[in-house]
Amino acid sequence: MPASPPTIIEVAIPVRIDQTFTYRVPERLAVQASAGKRVLVPFGRRKVTGYVLGPGDAAAAELKEIIEVLDAEPLITPAELAFLRWVAAYYLFPLGEVLKTALPAGINLTSRKRQVAAADGSSVTEEVLAGGKRVKTELFYRSLSAPAGVTQPRGRGGEILTFLGGMEEAPAHLIRQRFGPCAPQLKRLRELGLVTAAAREVYRDPFREEVFEHDTPHILNDDQAAALARLVAAGDTAAFAPFLLHGVTGSGKTEVYLQAIAHVLSRGKTALVLVPEIALTPQLVRRFKRRFRCGIAVLHSGLSDGERFDEWRRIRRGEAEIVIGARSAIFAPLERLGIIVVDEEHEGSYKQSEGVRYHARDLALVRGKMDKAVVLLGSATPLVTSFHAVREGRLGYLELPRRVRDLPMPAVELVDARGKRGETFLPPLAAALAENLAVGGQSLLFLNRRGFATYLVCQECGFVLRCPNCAVTLTYHRRRERHFCHYCDYSIPAPSVCPGCESPSIGLLGRGTERVEEEVWELLPEARVSRMDRDTTSGKGGHARILRGVAEGRIDILIGTQMIAKGHDFPGVTLVGVVSADATLNIPDFRSAERTFQLITQVLGRAGRGDAAGRVIVQSLAPDHYAIRHAVSHDVAGFYAEELAFRRETGYPPFAFLAALHLSGTNGAVVEQGAEQAARLLQQLKGRLRSRVEILGPVTSPLGKLRGRFRWQILLKAPARSDLHRLVSAFRGAIDLPAQVRLVIDIDPVEMM
DNA sequence: AGCACGCCGACT
DNA sequence: GTCGGCGTGCTC
């Protein structure tokens with residue numbers, strides 16, 4: 001006998017409360033209200049969208065009735081729900097919020113209270129239901145044989161008719177694109193009975209306009225072929241199989257992704273490709289569209305809500321076999337998932353730091369394990385934790401040690417800049433820039449700091465210009481004649497005298513890309529110079545404009561921040577100069593050496609053209625530091641060995657697990673009290689649980705005050721993940737902070753295998 | 001996260 | 001005298 005439909009259901013609501021809710025289902029909705037669908041429910045004084053988890057327990061509390069079932073079919077499968085439950089439990093975030101994050105934005109209905117002017121002039125509060133993305137429809141035109149007595153119209157109407165005659169049918173946007181605004185003509189054609197129009201559901205496709213030429217798989221070199229063979233073998237076992245694809249820059253990792261995915265598709269499975277940032281998706285999508293004729297969907301935050309909803313629906317319906325997207329694409333509703341590729345797995349942008357604080361790189365491994373898929377982490381500079389997992393045998397190792405066509409690694413010259421802080425270009429770099437310009441080569445200059453000068457200091461009284469909201473110095477931007485806070489965007493006009501003592505002897509110290517640009521003008525006035533950083537790429541297509549300039553040879557020297565180190569191909573670049581390799585080395589973070597090594601290695605990989613290895617000059621104030629030494633000698637294994645020794649000694653990941661509790665608020669004293677209260681509770685719980693977690697703090701966050709909020713943090717270090725998780729969960733259940741103090745729990749992303 | 005209730009400062 | 005600031009509590 002079939003189970004009778006539940007009359008009581010458990011519902012997850014997207015609010016910051018760590019509990020689910022139970023509702024009654026009226027008889028008329030009983031059959032429809034199944035797990036995975038959305039329901040509109042009364043919640044407090046408003047109506048909100050919730051997610052049905054399954055049958056509920058008749059609790060003691062009085063239950064409200066659901067108002068409506070919003071979906072005909074479930075939005076998520078039981079397997080997806082299991083994954084999202086894992087995410088909620090692991091990151092200590094309410095399941096309803098996790099579900100909302102995983103689903104396309106803007107689909108939910110909520111009631112809002114609004115002040116509405118009444119007829120008599122007074123105002124009344126009115127409840128309005130808002131939200132809910134709809135499917136988009138478009139008119140499709142089709143030509144008919146002309147009815148008797150109707151002559152073919154002249155002018156634009158006739159042109160359109162001829163155009164339609166040559167094809168089955170055409171959507172309105174295509175006609176508009178070819179003929180410009182033509183609504184009156186189309187209306188006339190319909191009235192004459194020469195065309196018919198039918199509304200049809202369409203997808204808002206971000207790549208609609210483009211046509212793609214096909215290409216065929218490239219021939220692999222021996223390393224690529226060996227890597228592919230292992231991926232193919234793993235794919236055929238249909239078991240969870242995680243790999244690190246460690247390939248030097250230019251070694252052809254993407255071609256391995258493409259062919260591994262082709263194999264997965266041939267087995268009737270699907271593929272998910274994660275990329276670190278939106279700017280890199282178009283070029284990758286084009287490469288995929290040229291190779292594959294199956295459905296490819298794109299998911300990232302740069303799409304409009306409508307586009308994202310449509311891409312999501314295509315995937316949900318099984319119309320896309322490949323999904324390419326940024327971190328949130330880890331939640332893509334792909335079924336029969338065969339492979340997850342995480343490109344540039346070391347990139348920090350895989351970490352979501354608002355709302356649900358997940359790490360997509362880690363979740364790829366979790367989801368891959370649940371779905372029995374191959375997980376392929378690709379990088380030229382893998383995370384230290386990934387490298388360690390390889391050594392422990394938890395991650396398969398695929399190596400591409402050579403560049404395609406056996407292009408040699410660039411020759412790197414390390415220049416000791418100690419005692420020469422005032423000089424932007426030491427003689428070797430200045431000479432190399434001039435030589436390269438003379439022979440018509442392109443150069444890249446890398447400095448990971450934007451603006452002109454890092455800070456303003458008074459030579460008279462020692463005053464340093466700082467942000468009133470954040471504990472950082474203000475960076476001087478010459479073009480805009482202002483000092484900016486790079487954390488909160490606060491700015492003030494550049495003062496001409498010291499704001500403290502009014503002395504005119506103020507100095508601008510520390511250099512950024514803007515100043516490097518100026519100094520290149522002075523050094524090489526005939527060079528065509530451009531700069532690429534957040535200040536010059538802010539507008540729409542700002543990225544593309546500069547990249548095109550370089551590609552078309554209109555730029556001799558490109559100066560940039562880490563933007564130029566990542567992903568983009570600069571095929572004509574024969575010289576790379578690192579102005580100061582140390583800018584990122586001294587930030588107070590145990591990962592700063594790792595980040596510096598990765599950044600330098602990535603930027604070195606930009607050198608080389610055709611079959612010629614490029615030339616690289618690295619200026620450094622710390623030429624003996626192991627991160628810089630190993631980066632310039634391309635000694636990846638050497639760096640990891642030293643970094644792992646350092647991590648072992650200091651007790652950082654992968655030899656310990658971390659969590660951070662961030663407390664913030666506008667009242668410093670209250671936040672500090674909250675932090676102390678939290679630390680005391682942690683100590684108590686630690687004793688009770690006999691936990692081996694180390695509790696550091698409370699301490700003020702590195703930035704103390706950020707964007708006007710006071711910040712304190714408590715760091716937790718544990719030898720085992722389970723230990724850490726038990727303590728933090730217990731803490732979260734027990735803590736009762738004043739409402740002004742906001743608590744954010746950051747479970748540090750470390751290896752998940 | 002909203003949303004309303006509630007209790008203290010500067011305004012028509 | 002009220003408008004409105006945000007501190008506090010609640011949501012099946």
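We name chains A, B, ... by the order of the sequence lines, and we start the count at 1 in each one.
- Summarising the geometry, the separation between CZ on A:Arg16 and C1' on C:dT11 is reported as 16 Å, rounded to the nearest angstrom.
- Contacts of A:Glu10 with the nucleic acid, taken as non-hydrogen atoms under 4.0 Å apart, are absent.
- Sequence neighbours left out, the pairs with a member in residues 676-699 of chain A that pass salt bridge (Lys or Arg N to Asp or Glu O under 4.0 Å) are A:Arg692-A:Asp723.
- Following rounding to the nearest Å, A:Glu354 (CD) and B:dA1 (C1') show an atom-to-atom distance of 14 Å.
- Using a 4.0 Å heavy-atom criterion, one finds that A:Phe43 contacts the bases of the nucleic acid, with or without backbone contacts as well.
- Judged as a side chain to side chain contact (heavy atoms under 4.5 Å, CB included), and not counting sequence neighbours, the contacts of A:Gln713 are A:Ala660, A:His662, A:Val699, A:Ser701, A:Pro702.
- A:Phe93 meets the ring-ring contact (aromatic ring centres under 6.0 Å, His included) test with no other residue; sequence neighbours excluded.
- Rounded to an integer number of Å, the gap from A:Leu53 CG to C:dC12 P is 16 Å.
- Under the 4.5 Å side-chain criterion, counting only non-hydrogen atoms from C-beta, A:Val11 is in contact with A:Val39.
- Side-chain to base pairing of A:Glu62 with C:dC12: no donor and acceptor N or O lie closer than 3.5 Å to each other.
- Within the 4.0 angstrom heavy-atom criterion, no nucleotide atom of any strand lies near A:Ile13.
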Only distances under 3.5 Å count here; give the side-chain donor-acceptor pairs of residues 70-78 of chain A to other protein atoms, sequence neighbours excluded, each with its distance to 0.1 Å.
unit_1: A:Asp71; atom_1: OD1; unit_2: A:Arg38; atom_2: NE; d: 3.3
unit_1: A:Asp71; atom_1: OD1; unit_2: A:Arg38; atom_2: NH2; d: 2.8
unit_1: A:Asp71; atom_1: OD2; unit_2: A:Arg38; atom_2: N; d: 2.8
unit_1: A:Asp71; atom_1: OD2; unit_2: A:Arg38; atom_2: NE; d: 2.9
unit_1: A:Thr77; atom_1: OG1; unit_2: A:Glu80; atom_2: N; d: 3.1

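- Here the C1' atom of nucleotide C:dT11 and the CD atom of A:Glu97 are 14 Å apart, to the nearest Å.
- At whole-Å resolution of the value, CZ in A:Arg24 and C1' in C:dC12 are 11 Å apart.
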Scan nucleotides 5-9 of chain C against the protein and return all N/O pairs shorter than 3.5 Å with their distances rounded to 0.1 Å.
unit_1: C:dT8; atom_1: OP2; unit_2: A:Gln740; atom_2: OE1; d: 2.7

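- Contacts of A:Arg367 classified as salt bridge (Lys or Arg N to Asp or Glu O under 4.0 Å), with partners at least two apart in sequence or in another chain: A:Asp371.
- Note: NZ (A:Lys47) to C1' (B:dC3) measures 14 Å, nearest angstrom.
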